[in-house]
Number of protein chains: 2
Amino acid sequence: MKNGYSGLRARKEKPTDCRVCPIRNLALFEAVRDDLLDWTQKYRSQQYALDARRVLYREGEIIDESFTLFQGWIMLFKMLPDGKRQVLRFALPGDFLGFRDGGEPANHSAMAITDSILCGFPEDRLSQLFRERPEIFAKLVSIQQHDMSQCYDHVMSVGQKSAIESIACMLIDLHDRCLERDTAGNPKALDFPLSQEEIADYAGITLVHASRVIKELRDKGVIDNGHRKIRVLDVEQLRSIANISLLEETESITGF
Amino acid sequence: MKNGYSGLRARKEKPTDCRVCPIRNLALFEAVRDDLLDWTQKYRSQQYALDARRVLYREGEIIDESFTLFQGWIMLFKMLPDGKRQVLRFALPGDFLGFRDGGEPANHSAMAITDSILCGFPEDRLSQLFRERPEIFAKLVSIQQHDMSQCYDHVMSVGQKSAIESIACMLIDLHDRCLERDTAGNPKALDFPLSQEEIADYAGITLVHASRVIKELRDKGVIDNGHRKIRVLDVEQLRSIANISLLEETESITGF
DNA sequence: CGTATACTTGATTGTGATCAACGACGGTGG
DNA sequence: CCACCGTCGTTGATCACAATCAAGTATACG
């Protein structure tokens, strides 16, 4: 429910090199041939650091830059006048955020959950890039389609599933996405750095009830949790709880 | 909760002419200059008729065609194994449906609410069109962005709003979209041809509760309703009930 | 160590789900 | 034109999941 403070700042360290970027296969530039990467890199303005709890952009703001999340977790959300918050998406490394079409104001806000690093792409250079390289434009369409599909699943969860089903569903999704990103040397990446309030606001329930549901899952041995930390222990049991359609299951295996 | 039967059939009447299409300014071909329309028209395969309650496509199906809805109302939805249904979107004339990227199976189903007419665009011709005319490709991105924004609003409604707020919200959205489409000679277009079950499945509540909420709105004089018919009488009061953020309000005025 | 933030647990309330029965409307066929 | 039937809508009684209120504990951080 907290609002956070705006706080994007240029990263002082030497920017990472797109050619050796460990998350590029997940991101917008997946479509770019390796030998062209130093060419595309010029479209990136710079790398930014954003500390935990800081706001990247706010609903209604006009932003002239899009971002690829390089490191950290960021959440997208909207707020109601009465202070209720709905988390729309948890962005993980490789995810593309903040893209809006033709100078429209942002329809949601974004806040860092953990300390994060982002690669910025200014609107004008991005549209030039899309003009010159249709395959990257096509990748954008593909990313949008995938986001849309995820959002439909989310509406389904929040609208029709019980609290425990909805949370199980969300944990499976995060688990699968972490596995995609998990490089052999990074076992800790399967701990989710989320507070129970963030989980509750994603699932559309209250923090108190989220706590009880999480306790239930913990008692069943499905997950382990602590302060801003959740780890999935038994994905299969989680799947049986989540009330998932067969289609969704296969989807999560093939990836996108 | 009904499943419907597949039933797309070629329309026997002479196809309408894109050049005099009354809904083109809302649709994918908005970006096309008038004098090029007979050129783009060749990308349309044909017009189809789809009777009420018939399925256009089903979750998991691989479809090789996208559609612009020319006449009628169509709903997009998903179903859970236990039979619960979530309506994701009500498509109105001019809306673009069924687009999926690169041969992926559909992530939702679509069923006609009223007798409908659709213009079909086969996948291969569409991607050729996108290659040859980047401005139409850009319009696709813009449509996707808009759909995404609507979907975020929907998650917000279903997750954080009360039943009456959620339904008020949905009626405002439909009302505004009908107004956009309403040509002077068509006053009846402001009656929504929805059953209470469809409304309930969109708002994420049960049909019984939807009936009570609708009665409450009727008693307040905000709406009038009958068999598969709802008419908004007092948009302003509806807005005050809907618990809308100021941003959303202006958005609905400027259109997209 | 002290204070913020995050999590837990209990008691009570309330919104909306469920179960059940009936009423109204619209389309169909005699 | 009327009778019938299926779909759709209404209303009441009861129940349950999750919200709310409230107090207390644990963990991280400066």
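This is a predicted model, so every value here is computed, not measured. Naming convention: chains lettered A, B, ... in sequence-line order (proteins, then strands); numbering from 1 in each chain.
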Asker: Any side-chain N or O of B/S211 less than 4.0 Å from the OP1 or OP2 oxygen of D/dT10?
Answerer: yes
Asker: Will you find, in the side chains of A/R54 and A/S116, an N or O donor that is under 3.5 Å from an N or O acceptor?
Answerer: no
Asker: Is C/dA17 in the syn range, within 90° of 0, or in the anti range?
Answerer: anti
Asker: Does the side chain of A/Q47 pick up a donor-acceptor pair with the side chain of A/T16 at under 3.5 Å?
Answerer: yes
Asker: Mapping A/H227 and A/V213 to their closest nucleotides on DNA chain D, which lands nearer the 5' end?
Answerer: A/V213
Asker: Can a side chain N or O of B/R212 be found less than 4.0 Å away from OP1 or OP2 on C/dT15?
Answerer: no
Asker: If only side-chain N and O atoms of B/K215 are considered, is one of them under 4.0 Å from the OP1 or OP2 phosphate oxygen of D/dT11?
Answerer: yes
Asker: How large an angle, rounded to 10°, do the end axes of the helix from C/dT5-D/dA26 to C/dG30-D/dC1 enclose when each is built from five base pairs?
Answerer: 50°
Asker: So, does A/Q196 get its side chain near the phosphate of C/dT5, meaning an N or O under 4.0 Å from OP1 or OP2?
Answerer: no
Asker: How many whole angstroms separate atom CD of A/Q160 from atom C1' of D/dC17?
Answerer: 15 Å
Asker: Has A/H209 got a side-chain N or O lying under 4.0 Å from the OP1 or OP2 atom of D/dA18?
Answerer: yes
Asker: Examine D/dC8: is either OP1 or OP2 under 4.0 Å from a nitrogen or oxygen in the side chain of B/R53? Give yes or no.
Answerer: yes
Asker: Using a heavy-atom cut-off of 4.0 Å across all strands, would you classify A/T206 as base, sugar-phosphate, or nothing?
Answerer: base
Asker: Output yes when A/D201 and A/R85 qualify as a salt bridge under the 4.0 Å nitrogen-oxygen rule, no when they do not.
Answerer: yes
Asker: According to the interplanar angle, ranging from 0 to 90°, do the rings of B/Y57 and B/F67 count as parallel (below 30°), tilted (30 to 60°) or perpendicular (above 60°)?
Answerer: parallel
